[in-house]
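What follows is a single structure, written as structure tokens, with notes after it.
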Amino acid sequence: MVGRRGRALNDWRTTQDGIEIAVRVTPRSSRNELSPGPGHVMARLNSPPVDGAANAALIELVANHFGVAKRNVRLIAGDRARLKRLAIAGDAEALAKIADALYQAEP
């Protein structure tokens, strides 16, 4: 996946205090769900992209999927874009297993 500035965005990567994941958001969907996509996770959200509602719903969805508190999920890029980058704080090894399973699932 390539970001707006032409830099490659990896699917996910481990960091010092957890992992970072790439997410493509589709707001105003019929349900909230995470699924694999080409080079990123697809997040379907039933929230509209107004006043940060979709970003808040995304953080809650990712926190639930990875089994961490919402305060451990932080939006680090793409605040107003469909392509976003999230940092998830926690046990990097455990989070990496969850991310790997999510990215390896069939789209």
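When a residue number appears, it is its place in the shown sequence, counting from 1. These numbers come from the heavy atoms of this one structure, side chains and all, not from hydrogens, waters or symmetry mates.
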Would you give me the side-chain donor-acceptor pairs under 3.5 Å for residues 91-99, sequence neighbours excluded?
{"unit_1": "Asp91", "atom_1": "OD1", "unit_2": "Glu93", "atom_2": "N", "d": "3.4"}

Using side-chain heavy atoms (C-beta onward) and a distance below 4.5 Å, is Arg28 in contact with Ser47?
no
Leu45 and Leu102: same hydrophobic cluster, using ILVMFWY side-chain contacts below 4.5 Å? yes
- Query: Taking the side chain as C-beta and beyond, is there a heavy-atom pair between Trp12 and Asp100 under 4.5 Å?
  - Reply: yes
On a heavy-atom basis, the closest approach of Asn32 and Asn46 is OD1-N, 2.8 Å
Heavy-atom nearest pair, Pro48 first then Ala53, reads O-CB, 3.6 Å
Contact check, side chains of Val25 and Lys84, non-hydrogen atoms, under 4.5 Å: yes
With sequence neighbours left out, the residues meeting side chain to side chain donor-acceptor pair (under 3.5 Å) with Ser35 are Arg44
With a 4.5 Å heavy-atom cut-off, do Asp11 and His40 have their side chains touching? no
Residues pairing under salt bridge (charged side-chain N to carboxylate O under 4.0 Å, His left out) where one sits in residues 46-75, two or more places apart or in two chains, turn out to be none
How about Leu86 and Ile76: do any of their side-chain heavy atoms sit closer than 4.5 Å?
-> no
Which of Ile21, Asn72, Val73 passes side-chain contact (heavy atoms from CB on, under 4.5 Å) with Phe66? It is Ile21
Interatomic distance, OG1@Thr26 vs CD@Glu33, rounded to 0.5 Å, equals 9.5 Å
One should read off an interatomic distance between Glu20 CD and Arg13 CZ, to the nearest 0.5 angstrom, of 4.0 Å
Requested in this report: Decide side-chain contact (heavy atoms from CB on, under 4.5 Å) for Leu83 and Val23; before the verdict, give the C-alpha distance in whole Å, the side-chain angles of both, and the deciding distance to 0.1 Å.
Outcome: CA-CA 6 Å; Leu83 296 175; Val23 181; over 6 Å; no
